[in-house]
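Okay, so here's the structure we're looking at.
Hydrogens, waters and symmetry mates play no part in the numbers below; they use all other heavy atoms, side chains included. Whatever order the structure lists them in is the order used to number ligands and atoms, beginning at 1.
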Amino acid sequence: MDVTADPLSLLRQRTSMKWRTYPDDVLPLFVAEMDFPLAEPIADALIAAVRRSDTGYIAPHNGLAEAFASFARGRWGWRVDPAHVASTTDVSVAIVETLRRAIAPGDPVVINPPVYPPFFDLVPEAGGRVVEVPLLSGEAGWTLDLDGLERAFAAGARAFLLCNPHNPLGHPHGVEDLTAVAELAARYDVTVISDEVHAPLTHADAVFTPFLSVSPEAAEHGVCVTAASKAWNLAGLKCAVMVTASERMRRLVAGMPPEVNWRTSQFGLIASIAAYHDGESWLDGLLTALQANRTLLAELLDAQLPGVGYRQPHASYLAWLDLSALGWGDDPAAAALERAKVALNPGPMFGASGRGFARLNFGCSPEVLAEAVSRLAAVQVLHESG
Ligand SMILES: Cc1ncc(COP(=O)(O)O)c(C=O)c1O
């Protein structure tokens, strides 16, 4: 299926954060929303729900767990028991509520910068204290720092907030790393919350491994939090799932107040079921478009901004750009916004190692991507000549 981004004239009529934060002369390539139209089965399901005025509370047995389990099995060969799937408002709520049950106030919780900025806030929101174990960057790509993780676990960390695939690097963690994490979690009795919201966006040249599937230790110590929201662009509809694979973790999730579940949105639920059941050919078409954009971005940067460091991601639509060679300072996104009228996410928000970096969202048309890079390159020409 051909999945093509909407034209700017239509996009500018949207009222979401991406389109209403900056004036129209700014190209918004920041927040993780995409510029593609909704998958038709999702749009149809939502429109049908509106037509039948189906806008009440979610039903207790609503089909979401079965839809997720069927998608997980078909896409990744991961067998999920629907009785081990609970829903809530969004992935952030799933993280906070799981953490609240896994830690005591003040407990250390590990994260791996550079990482999705709200992780720095969700941990204290749940009463925890952030401990940073940065990812390691080598010739072959990114890896988890297993020694660093062991030191943090041995020093008293009670939970580990894993991002798989990793935002902003688009890196699906390998099965060996995940198995080693599970062993460490078992040795030090650490709860692993695996945020897998970008998993359906894993590119064709990579493999996504669900954390809970790697070993009995992973099942015993892990909770997967995920949603259809990133892959099918449904973030505003508010629906996420928490998945477990052991009685111990099922009890942890079942111990949440019932309201955590009832706060799932009815529209989010309807859209997510449609995505998991009928959204796969759209998803494959989307991935073809994203993979073309990730290569196009490499070509555009090579030609116009060769000093920029860019490792092509293997999942999602986010590019982690090292702009430090341009001389735009610690927060190059500020210069990009002011001088190029291109909105990126500031690298330093992803952790201290993000200084000199910015995150670019290429979930857009090739034309918008090309325009963004030429705007950035034009600033650099002025910067160098000035
Ligand atoms: C890794 C990660 N987790 C969570 C979220 C947010 O999910 P939600 O809007 O469902 O809270 C995002 C959004 O981009 C994300 O990248």
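Using cut-offs of 30° and 60° on the angle between ring planes, the pair Y276 and F71 is tilted.
Applying the side-chain hydrogen bond (donor to acceptor under 3.5 Å, both in side chains) test to residues at least two apart or on different chains, none of the pairs has a partner in residues 114-132. Note on residues 199-229: pairs passing ring pair (Phe, Tyr, Trp, His ring centres under 6.0 Å), not counting sequence neighbours, are W76-F208. Identified under the ring pair (Phe, Tyr, Trp, His ring centres under 6.0 Å) test for residues 28-53, with sequence neighbours left out: Y22-F30.
At distances below 3.5 Å, at least one donor-acceptor pair connects side-chain atoms of S265 with backbone N or O atoms of L237.
For W320 and F357, the ring centers are positioned less than 6.0 Å apart.
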Could you go through ligand 1 and list every pair where one of its N or O atoms sits under 3.5 Å from a protein N or O, giving the atom names and the distance to one decimal?
unit_1	atom_1	unit_2	atom_2	d
ligand 1	3 (N)	D195	OD2	2.5
ligand 1	10 (O)	V91	N	2.8
ligand 1	11 (O)	V91	N	3.4
ligand 1	11 (O)	S92	N	3.0
ligand 1	11 (O)	S92	OG	2.6
ligand 1	14 (O)	K230	NZ	3.1
ligand 1	16 (O)	N167	ND2	2.7
ligand 1	16 (O)	H198	NE2	2.7

